[in-house]
Amino acid sequence: MKILVTGSAGFIGFSLTKTLIKLGHTVIGIDNLNDYYDVALKLDRLKHLDKEEQNGRFIFLNIDLTNRNKIEKLFITEKFDIVVNLAAQAGVRYSIDNPHAYVDSNLVGFLNILEGCRHTNVKHLVYASSSSVYGMNTKQPFSTEDRVDFPISLYAATKKSNELMAHTYSHLYNIPTTGLRFFTVYGPMGRPDMAYFKFTKAILEGRPIDVYNNGDMKRDFTYIDDIIEGVIRVMENIPKSKDSIVSTAKAPYKIYNIGNNQPVTLRRFITAIEDACGVKAKENPLPMQAGDVPITYADIDDLITDTGFKPSTSIEDGIYKFVQWYIEYYKIINKRV
Ligand SMILES: NC(=O)c1ccc[n+]([C@@H]2O[C@H](COP(=O)([O-])OP(=O)(O)OC[C@H]3O[C@@H](n4cnc5c(N)ncnc54)[C@H](O)[C@@H]3O)[C@@H](O)[C@H]2O)c1
């Protein structure tokens, strides 16, 4: 199949592209290579795909999702079978100072993707939502049937909006869409703005890490390989109109949680990093942050029923693989400079 992956220089987009090519698909990847975090890491991810580019299995295009003309032309020229939209302005805290980045990439950009799908008969649009749509939800585990009408960050509001926009297009134009609420994804080649990356860096450099609420929060950390397997299973599972149980509109529309289904305490997460680094962390204890939630916990019954897949990587195994990659990668980088 010919598949469009947006955000293909990003953490999840790159990992997905690699696997899709291995499975024999042709991938067109787009990304605007913005500097929200280290651009060199994005370029290094793309370097891993150089060989596939030479074999014609992968084409990378530096396109911004908000460029309406370019996106329109891309869809018309390439006629994708499946589209996986992972490009977005991620991060919760960054939205305080940069609200427009979220509206541009996550709303205007997503509309351009929906329009492309509408006019070129794409068979399935899979797009990234986020566990952050659950906001201050207190019911555990978080179910896709829970109300998610009260976002506590602009990032979450744009992700919830994506689900609403997708439902509209599924209903009006019969485009099968599946939204995936990812729960804290981590792993090799991951994101420098996330805690596991910052903690590893600080611990290896002998600097203290900021520990909120004595590490008593729980997170449903999900290893990248599990996320990729989940995305691919979902891609193959195209929703039909009759699948809709959420509304009488009967749109070919689905939402799934993809999380490990096993929340772990921040304390256990820190211990896993310390063990993998072979160094004890210096800690800077801080109170719980405003807007932080005590726990995230994914109910994945639907995902298991519909795709037969359940994530299985323990935090200790996943963090070990991340730290091994981190040590090797930055050693290589240090040699280069
Ligand atoms: N990593 C997680 O824990 C997590 C959790 C929940 C949801 N998500 C969602 O999953 C998706 C992928 O996340 P990720 O962790 O790989 O993030 P990432 O930031 O590594 O990847 C996103 C990529 O999209 C690109 N991009 C951003 N705006 C763009 C635009 N306007 N045009 C073209 N490219 C653009 C960025 O350059 C980046 O390479 C995002 O939608 C994110 O919101 C991620």
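Just follow the structure's listing: the first ligand is 1, and inside any ligand the first atom is 1.
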L65 heavy atoms, cut-off 4.0 Å: which ligand 1 atoms fall inside?
-> 30 (C), 31 (N), 32 (N), 33 (C)

Does the N or O separation between Y36 and ligand 1 drop below 3.5 Å for any pair?
-> no

Give the numbers and elements of all ligand 1 atoms closer than 4.0 Å to a heavy atom of A128.
-> 9 (C), 10 (O), 11 (C), 41 (O)

The atoms of ligand 1 lying under 4.0 Å from a heavy atom of G7, numbered in the order shown, are 23 (C), 24 (O)

Between F142 and Y134, is the gap from one ring center to the other below 6.0 Å?
-> yes

Check: F80 ring centroid to F75 ring centroid under 6.0 Å = yes

Compute the shortest N/O to N/O distance between I12 and ligand 1 and return yes if it is under 3.5 Å, no if not.
-> yes

Look at atom CD of E53 and say whether more than 12 heavy atoms of other residues, nucleotides or ligands are closer to it than 6.0 Å.
-> yes

For I63, atoms of ligand 1 separated by under 4.0 Å from a heavy atom | 32 (N), 33 (C)

Which part of S129 is near ligand 1, with near meaning a heavy atom under 4.0 Å away: side chain, backbone, both or neither?
-> backbone

CA sep, side-chain torsions, deciding dist, call: D81, K2, salt bridge (Lys or Arg N to Asp or Glu O under 4.0 Å) = CA-CA 5 Å; D81 296 299; K2 191 188 260 192; over 6 Å; no

Decide whether a cation-pi geometry holds between K159 and Y102; the criteria are a distance under 6.0 Å from NZ or CZ to the six-membered ring centre and an angle within 45° of the ring axis.
-> no

Would you say the side-chain atoms of E163 and H167 include a donor-acceptor pair closer than 3.5 Å?
-> no

If you look at every heavy atom in I319 and Y186, which pair is closest and at what distance?
-> N-CE1, 3.6 Å

More than 12 heavy atoms of other groups within 6.0 Å of Y320 OH | no

Considering residues, nucleotides and ligands other than K201, do more than 12 of their heavy atoms fall under 6.0 Å from its NZ?
-> no

Answer with yes or no whether the side chains of N260 and D220 bring together a donor and an acceptor at under 3.5 Å.
-> no

From the list F11, Y329, Y326, Y223, side-chain contact (heavy atoms from CB on, under 4.5 Å) partner of P188 resolves to Y223

Nearest-neighbour protein heavy atom for atom 25 (C) of ligand 1, which is reported as residue plus atom name and distance | D31 OD1, 3.3 Å

Side chain, backbone, both or neither: L33 near ligand 1, heavy atoms under 4.0 Å = backbone

Report, in ascending order of atom number, the atoms of ligand 1 lying under 4.0 Å from any heavy atom of A87.
-> 24 (O), 26 (N), 34 (N), 35 (C)

Looking only at N/O atoms, are L86 and ligand 1 under 3.5 Å apart anywhere?
-> yes

What's the shortest distance from atom 21 (O) of ligand 1 to any protein heavy atom, and which residue and atom give it?
-> G10 CA, 3.3 Å

Below 3.5 angstrom, do we get any N/O pair linking S130 and ligand 1?
-> no

Hey, mind stepping through D306 and K254 against salt bridge (Lys or Arg N to Asp or Glu O under 4.0 Å) and telling me if it holds?
-> CA-CA 11 Å; D306 293 355; K254 282 292 281 187; 3.4 Å; yes

Under 3.5 Å, N or O to N or O, is Y155 touching ligand 1 that way?
-> yes

N/O of F183 under 3.5 Å from N/O of ligand 1, yes or no?
-> no

Between R191 and ligand 1, is there a nitrogen or oxygen pair with a distance under 3.5 Å?
-> yes

Does a side chain donor of either D31 or S8 reach within less than 3.5 Å of an acceptor in the other side chain?
-> no

Considering the heavy atoms of T184, write down every atom of ligand 1 situated less than 4.0 Å from one of them.
-> 3 (O)

What about S105: any of its N or O atoms under 3.5 Å from an N or O on ligand 1?
-> yes

Does ligand 1 have an atom under 4.0 Å from some heavy atom of A9?
-> yes

Under 6.0 Å between the ring centres of Y196 and F269?
-> no

Residue, atom name and distance, where the atom is the protein heavy atom closest to atom 3 (O) of ligand 1 = V185 N, 2.8 Å

Counting heavy atoms under 4.0 Å, the part of K159 that contacts ligand 1 is side chain

Using a strict cut-off of 4.0 Å, indicate which atoms of ligand 1 neighbour a heavy atom of Y37.
-> 18 (P), 19 (O), 20 (O)

What protein heavy atom is closest to atom 26 (N) of ligand 1, reported as residue, atom name and distance in Å?
-> N32 OD1, 3.5 Å

Can you tell which of F182, F14, Y102 gets a heavy atom nearest to atom 5 (C) of ligand 1?
-> F182

Less than 3.5 Å between some nitrogen or oxygen of Q89 and one of ligand 1, yes or no?
-> no

Is the shortest N/O to N/O distance between F11 and ligand 1 below 3.5 Å?
-> yes

Going by atom types only, do D210 and N284 share a side-chain donor-acceptor pair under 3.5 Å?
-> yes

